[in-house]
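Inspection log for the structure reproduced underneath, given as structure tokens.
Below, read A as the first sequence line, B as the second, and so on, with proteins coming before strands; counting in each chain starts at 1.
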Amino acid sequence: MRDPKGFLTLRRATPGRQAVEERLTHWGEFYCPVPEAAVRTQAARCMDCGVPFCQGDSGCPVRNIIPDWNDLVNRGEWREALESLHATNNFPELTGRLCPAPCESACVLGLVNEPVAIRHIEQTIADRGFAEGWVVPRPPRSASGFSVAVVGSGPAGLAAAQQLRRFGHAVVVFEKDERAGGLLRYGIPDFKLAKSVLELRLAQLEAEGVQFRTGIDVGEDLTASELRSEFDAVCVATGAGTARDLRVPGRDLTGIYLAMDFLTSQNRRLAGDARPGTGSEARDRRVVIIGGGDTGSDCAGTCLRQGARSVRQFELLPQPPIDRAASTPWPLWPMQLRTSHAHEEGCQREWSVATTAFSGENGRVQRIHAVRLERQVFADGSTDYEQLPETAFELEADLVLLAMGFAGPVKSRLLGDLSVELDGRGNVATDEAHRTGVPGVFAAGDAHRGASLIVWAIREGRDAADSIDHWLRSGRCS
Amino acid sequence: MQGQPAAQGLYDPAYEHDACGIGFVAHIHGVRSRDVVDKSLELLRNLSHRSAVAADACTGDGAGILLQVPHAFLRRACGQAGIALPDAGSYGVGTVFLPARRAARAACERAVEAAVAEEGCAVLGWRDVPVDDSVLAGPTRRARPVIRQIFVARMGVGRDVDTNSLFEVTLYVIRRRIEAALRKIPDGSDCYVASFSSRTVVYKGMLRPDQLTRFYDDLRDGELESAIALVHSRFSTNTFPSWRLAHPYRFLCHNGEINALRGNLNWMRVREAIMSCSRFGDGLAALLPVCGEKQSDSASLDNVLELLTVAGRPLAHAMAMLIPEAWEGHTTMSSARRAFYAYHASLMEPWDGPAAVAFTDGRQVAAVLDRNGLRPARYVITTDDYVVLSSEAGALAIPVENVRAKGRLEPGKMLVVNTTQGRILDDEALKTEMALVRPYQRWVAEQRIDLEALINEGEAAAQAGSAHRERSEPLIVRQRAFGYTTDELKMVIAPMADAGEEPAGSMGNDTPLAVLSARPQLLSSYFRQLFAQVTNPAIDPIREQLVMSLAMNLGPQRNLLDETDEHAKQIRTTQPVLTERAISALRGVTDPELRAVTLPALFPVADGISGLEVAVDELCNAATHAVGAGCGVLVLSDRGMSAVEAPIPAALMVAAVHHHLIREGLRWRVSLVAETGEAREVSHLALLIAYGASAVHPYLALETVAAMARPEAAGDKPHGYAAQQRYVNALGKGLLKIMSKMGISTLQSYCGAQSWEAVGLNAALVDRHFAGTPSRVGGIGMDLIAEETLRRHRQAFENASTVTRLDPGGEYQYRVQGEHHNWNPMTIATLQHATRGDSYSTFKEFSRLANDETRRQSTLRGLLEFLERDPIPLDDVEPAAAITRRFVTGAMSFGSLGSEAHETLAIAMNRIGGRSNSGEGGEDPARFGTERNSAIKQVASARFGVTAEYLVNATELQIKISQGAKPGEGGQLPGHKVDAVIARTRHSTPGVTLISPPPHHDIYSIEDLAQLIYDLKAISPAAAVSVKLVAEAGVGTVAAGVAKARADLILISGDSGGTGASPLSSIMRAGIPWELGLAETQQTLVINGLRGRVRLQTDGQLKTGRDVVVAALLGADEFGFATAPLIVEGCVMMRKCHLNTCPVGIATQDPELRAKFAGQAEHVVNYFFFVAEEVRELMARLGFRTMNEMIGRTDLLRALRPSDHAKARTLDLSALLHLATPAARARGGRVVRRHVRSRQRRPDGVGALNKTLVELAKPALESGERVTATLSITNGDRAVGATLSGEIARRYGSAGLPDDTVSFHFAGAAGQSFGAFAAGGLSLELEGEANDYVGKGLSGGRLILRHPRRAQFIPDQTVLAGNTVLYGATSGEAYIAGVAGERFAVRNSGAIAVVEGVGDHGCEYMTGGTVVVLGRTGRNFAAGMSGGIAFVLDEFGELESRCNAAMVELTRVTTRSDRELLRRLVEQHARYTGSARAKRELGRWEVSQRHFFAVVPREYRQALERRADAAAAAAVPGAIMENARHA
């Protein structure tokens, strides 16, 4: 039995990272291995709360039963822990690497101490499961006779596909690219997610009977009506691929790229893909990344590994406080300064900066023009930004990456032909059960929710699968 | 004749309780005299304070007297009426209460006469019993019956003694025939035969004791003579005690309550099917049922005693069957006597509960006490051959010269006066005789089969493979089909299997009622445990284990009215949880009469919902057939569950067969055993046993335990064996706990007792299968039960291949995919954000969430909505500050909370004009008089820190009877939590465990509560006294009794209230929502006309303004909050209070954690003003300007029937919303539905003697002058010294006055609570005798008690003080030169006492102080004693066997300092009391001191040693002394 006061005596520890100079020399994951005992000790910090906020509205979107597997890990019952984890989360090896861990910011221990290192425990359970061979295919015992098409092979599509398959349905996943994985494969740098991890999971799905049809752009290569006639139900999980752009003078200059294009091309390069990306390499370049989020950070890490001369990251917002801002009290997702690996690696941040223009020669960008901002907060809580006079400045920049977020799914022919409605933000509109207005057509993931976290994608995929299953089995009415 | 009002709303007269004072006077040689009658009537008058009067302040609850037929008087009186009586003994007298209306009366009289004629007797005539009804109050007068006596001559029989007995049989038969006939005629229910005998006659009525003689002219007649007189004064919980409910009944009067009544009545019905008795011939059937409907427990007990006696058993023998002493664990009892009890256990389960019963057949008169001695009974034998027994010593003044001997009835003991033989039989003589009447020992040895022996044989015979290994579904599939969850495995089953204990939890239950839950619920979840409160005590099954028993007899029962060896032919088990081996052994029994037959209890899934009902009927029929084919045990089994067959819910299979067989008259032939996969937690088993199962084989739970068991735990036994044993032990302990909550000590009595209530089951289901179970709001029936079962079954079997985990459950810990909780991350965070940010808009957001939670069908109030009325402007509504005055915070002890959290609440409540509650842990005197003072001081069972000073620093004193999270439970603060500050506040020793007993040891009965209220008002006249009850069926009636006991405020707590630590099954499965309890209480108080004189308060997860308004409309004047303000302080519902690891520093004493406390009084103030503001908004909407207008207006509530919730839709809340009106309208006709009187009228105030003492002591109080005086005292002078002590404490604090400043000498018999809370500087000396509760809460004073100097009896062997002396004493001294009763120095934490003998349970729960016993101790000495020291003079080498060694060790007194201490105390005793015993021992001290044992708690010695080590100087006895004085 674990020590009920473990949380007082044990300190939070997360895996160390390789030294910057070392990790910049390669593209692999750079966290140092941690002995099992240390992870069990970290799990022992869990207080097994009566109301585990890590599970709550501000906590884990896939509803991982975190206290249960913390307890099991603490006891060394890894396989049980894996089962518990898999009961709520199809891909813990992915979320354990990629999730920003709202569970940790909602962790009750965080009220009085540092939160439990939940995400790393999760990753450890998952990785151990693969290493021990416990992650085995769990094909359905019997077939339902129904078939479902899942369009898109990102985390939402994959989660939906695995669940649907386990419910006994025939499942085909369509992917426009030549390999399955979506954003996981093409958007996430290898140093954050080794693609071998993804392959193991895809292999399990295939072994369970999920069929993948890659290189098919549904809507183009296969019409919406063909899709509808071939399958009893369709799940649209095509992601939120429409990147926000920056319409300022000089945008047309070469050397200015959308972040996702840049990241994709690097991933393709590493994978030895036939289709090289459109993005340029950052070697010896002065890089400015516009947008202070995770994608920007991924770009920064990629640039630094490519050998950039300098990397700067511009953010509109002012620098948040070091600790949780009063406006976002526990257990809310805190507004606070987050420093990613890329910032350790040499990326410099500029806060309260708006880009006003690009300039350059020979059609190629050389300079970025910007101005400093002041944020105004009005009585009703709304905010606005005011450009501070006489703060305009310019920087040399010969590679600019736009990482300013996404504005909903790509308005593809598929969506048009399926006749699904979009909501005010351009996402596929559904009811609570992920049902679009078109009977048999469901939507999940970023395509439905707008760009969000991988955990939300998995949750959406699972929920949509439940809904599809229910719909199929209950006579497919409305 | 005025009876009880009809059942209406939530009020049901069936819940009435009563208790009282009893007594008898008898002449040993049967010499009849007027003197006996006079004495008994005087005795009765002197017990008046043990009775109660109704709201009209005039009508008594009942008083009566039972006499031998006064032949001389009757001959004369009848002569005057024209009736010629034959010789004494050859006629019978019936005292009959008749309806007043002429026609109805004539019909009744005809029925009476017809019955007489039918039995071949002749009516000699009717005599009007002359009465003076001017003594009655108006309504009572109008309702009084016409009272007549009928005289019946026996015909054609001889005159010897035996035929007189046969005549009594005839008269009994006649009376039963009359009663049967009356049931058939209109108005027959208004006729009642009070007595019908040739030997005894009863005069009784709805009278006060002082009215009885004035009412009945007969009782004043000088010729009225008797050698035996039994008297009784009644305290009822209602105000409609009907005439017939007055005692004595035909044979007995009773003080106490039969807790197992429902089961006893059911089993009596079962046995009726096979009763036969040659005395009745074929006429027996006409006499049934033995026990009437709608009568009290005492009346039923009387019925059965009467039957057994009339049928031929000796009187005392019959009583020993009904109320056996605790023999099961009694190691020193003779084997013959044990066999007597063992034999009769096959015939009859104990009628269990607190009881002092005085009974007579007109020749012998006797009294018996229950097995735990929970009622007082004192007796005197005089030199002129009288025996006087009474609830109180001194109730009949007897000159000391005339006292030959005095005594008290001891637990389970009997005293018989045989007036025909002219001798007194004490218990030992009586029972020795009784046990040898028949060869019980041989019968039991030859006939009875011990299951344990069979199991061992079975093991020895080396089973050929396992008996029961049919192929079955995988474990997880079966677990899922029975609804097992991860939560349950982790929180309930695993801890039981690991530790052998039921797991503890904390905070309250905030999940939906089963009937409102969206998840499929087990049928057992629709039941809630009932528990004892006020009218009877819960038992401590751990510390008082000697009275508890889990043993059961299985097999057929036989004719109750006969005794043969075959009666003993049953299978005996020591406990009811059958392992695989046990059930195999049971199945191996080959005797055809005891053979076990297994009936599958399953229904085909394919049949769908309707299949269940069919299957239950088939099961019942199968049971009938099996019984017909011959068997002794029916095993009802769901073991064959499969993909195609679902289990019949376990409670249904047991209860249905149980009631079916009762209806068929076959139940006596078999015992039921449940073999079920469903039962896994203690409450599941308890429910099955309460509905008729004699044993349970929880096979799936056992498999689960084995599967969970770690290999290393297996040892040399089969895998999981040890874990299963621990699990079985845990179930056993838990069963004892559940029984003891109800005040039932033997499982045999609990079996079939049905002490549960249903919430959410419909009447059709309950009436058919759970007949007699309260279920007041309707609910689901067979179809939805089937639906839920099938839903579980489907979920288990459908995805059987892919599901590898159990459902998370989330009942005990929040799980987002599990059961709904009202306190969830969203509500908690929003409330914290609102109050910290002082944001009303965020609060409204919280309130919306919280109200939505409740509307999402999780509470009953969520199903209520307000009717629309004309709104008024918000400004017209009384200000928020007027509303916050009605708010209180819940009782949370300093100890469960850290000081920061505790004081923050006090500050906040003082600021808003509300009241905070100290809880039961005492309070640091530094807080008194400051903003940190708790306005409410709680008086709980442990009396921690309840000093005179504490009591006078309160505006309200709250007697905690029960707590929502754990009604009927005690508590325990483990030693590691008791730090120096807590120890100081609780007057204990750091590091020493503190136990809170389940009951208050001065409240075993309603009149005891009245006494405690009296005590508290005596010491702190300015404080209101409140009583905290927990909602359960019948709580309203208890509350009515509490109001009559003169409480000012009654708190009805809901089941969802929180706790710092409690067994999980108590948190989850006991009590009911406050909505039901509050409404029932409101209705009952209104019907009784008592509502106006008490404030009514409710609590239990109140959160929002809406909650407050619903509570007000249902009848609450005030509102309690606990969890919500804790959450405001930072609580995040960790539910770890019991582990001391609260990370937010609230429920912990750990300084490191307390440093993290971030709560602020301002936040709490914000919260309460937000709630008040919201209340105002709703009031404006409903058109109320003041709260007072709103209270009790249930007509403004409407029940919703949500269309989207199949289960909730079945509820019928109309009973909840019933608008009650008083049964007897007061003049002016105004209906009072809220508190109107500012304080209770107290006619007797604090007592005249108390006032005198304060007057006399004025010079001492004002200027410290020495005061002495000598006064006389009687048993009516109660709590003497308390008022003066209050004055001392108010002026001089805990230090009191200098030693001996005030010293009073009393002569006479002191009433209860002599010297209660006596403060420092006060010496009270009593020459005479004292009753119960001497030195209760002693706070520094000195008490000296001695027998009168001229006493003829042996003083050091004669009882001088009653039970429960020095309960909760914190400091002071008591010297008692005589013997004291049971529970001497219970929970003493600092007083020094010397006494010359004590009863059972001496020094129980003691945590400090020093006790010297110069004489014998009873059994169970030092049970639960965790501190202090007791020196016992053990002349006869008995102590070791009588000491409960669980926590203490016995050593000789060896250290010099201990010897000096002991000697000093004995010397002081000799000096103060003049004790001859003490002088004798001192005279041979060198010899005497070698006979002393020192009884020291191990933990305490260690703590002292640690302290001594730390001090490195002080010697241990020095520390003890210091602790005793100042702890």
Contact summary for V112(A) and P1143(B), nearest pair of heavy atoms: CG1-O, 3.2 Å
Heavy atoms only, distances under 4.5 angstrom: which of Q832(B), R836(B), R1135(B), M826(B) has the most pairs with chain A? Name it, please. M826(B)
The test is salt bridge (charged side-chain N to carboxylate O under 4.0 Å, His left out); show your working for K490(B) and D68(A) and say whether it passes. CA-CA 9 Å; K490(B) 171 180 155 192; D68(A) 279 4; 3.5 Å; yes
If you round to the nearest 0.5 Å, how far is CG of N1140(B) from NZ of K5(A)? 6.0 Å
Which heavy atom of T1141(B) sits nearest a heavy atom of F7(A), and at what distance? O-CZ, 3.4 Å
Does any non-hydrogen side-chain atom of L332(A) lie less than 4.5 Å from one of H833(B)? yes
Examine whether an atom of D1150(B) lies under 4.5 Å from a heavy atom of chain A, and if so say whether it belongs to the side chain, the backbone or both; otherwise answer neither. side chain
Are M47(A) and M1134(B) close enough that some pair of their side-chain heavy atoms sits under 4.5 Å apart? yes
Please check this pair: side chain of E83(A) against backbone of R805(B), looking for a donor-acceptor N/O pair closer than 3.5 Å. no
From CG (D57(A)) to CG (N824(B)), nearest 0.5 Å: 6.5 Å
Report yes if the side chains of V51(A) and H821(B) come closer than 4.5 Å at any heavy-atom pair, otherwise no. no
Heavy-atom distances under 4.5 Å only: say whether V108(A) touches chain B with side chain, backbone, both or neither. side chain
Side-chain heavy-atom pair R815(B), P52(A) within 4.5 angstrom cut-off: yes
Atom pairs and distances, side-chain donor-acceptor, residues 59-67 of chain A, under 3.5 Å, sequence neighbours left out:
unit_1 : atom_1 : unit_2  : atom_2 : d
N64(A) : OD1    : T88(A)  : OG1    : 2.6
N64(A) : ND2    : E122(A) : OE2    : 3.2

Tell me if a side-chain donor or acceptor on K1156(B) pairs with a main-chain N or O of N113(A) at a distance below 3.5 Å. no
Can you tell me how far the SG atom of C49(A) sits from the CE atom of M1133(B), to the nearest 0.5 Å? 12.0 Å
Part of S506(B) within contact of chain A (heavy atom distance under 4.5 Å): neither
d(R473(A) CZ, E798(B) CD) to nearest 0.5 Å is 7.0 Å
Flag the one option from S84(A), A326(A), P331(A), G56(A) with the top tally of heavy-atom pairs under 4.5 Å to chain B. S84(A)
Is F167(A) in contact with chain B via its backbone, its side chain, both, or neither, using a 4.5 Å heavy-atom distance? neither
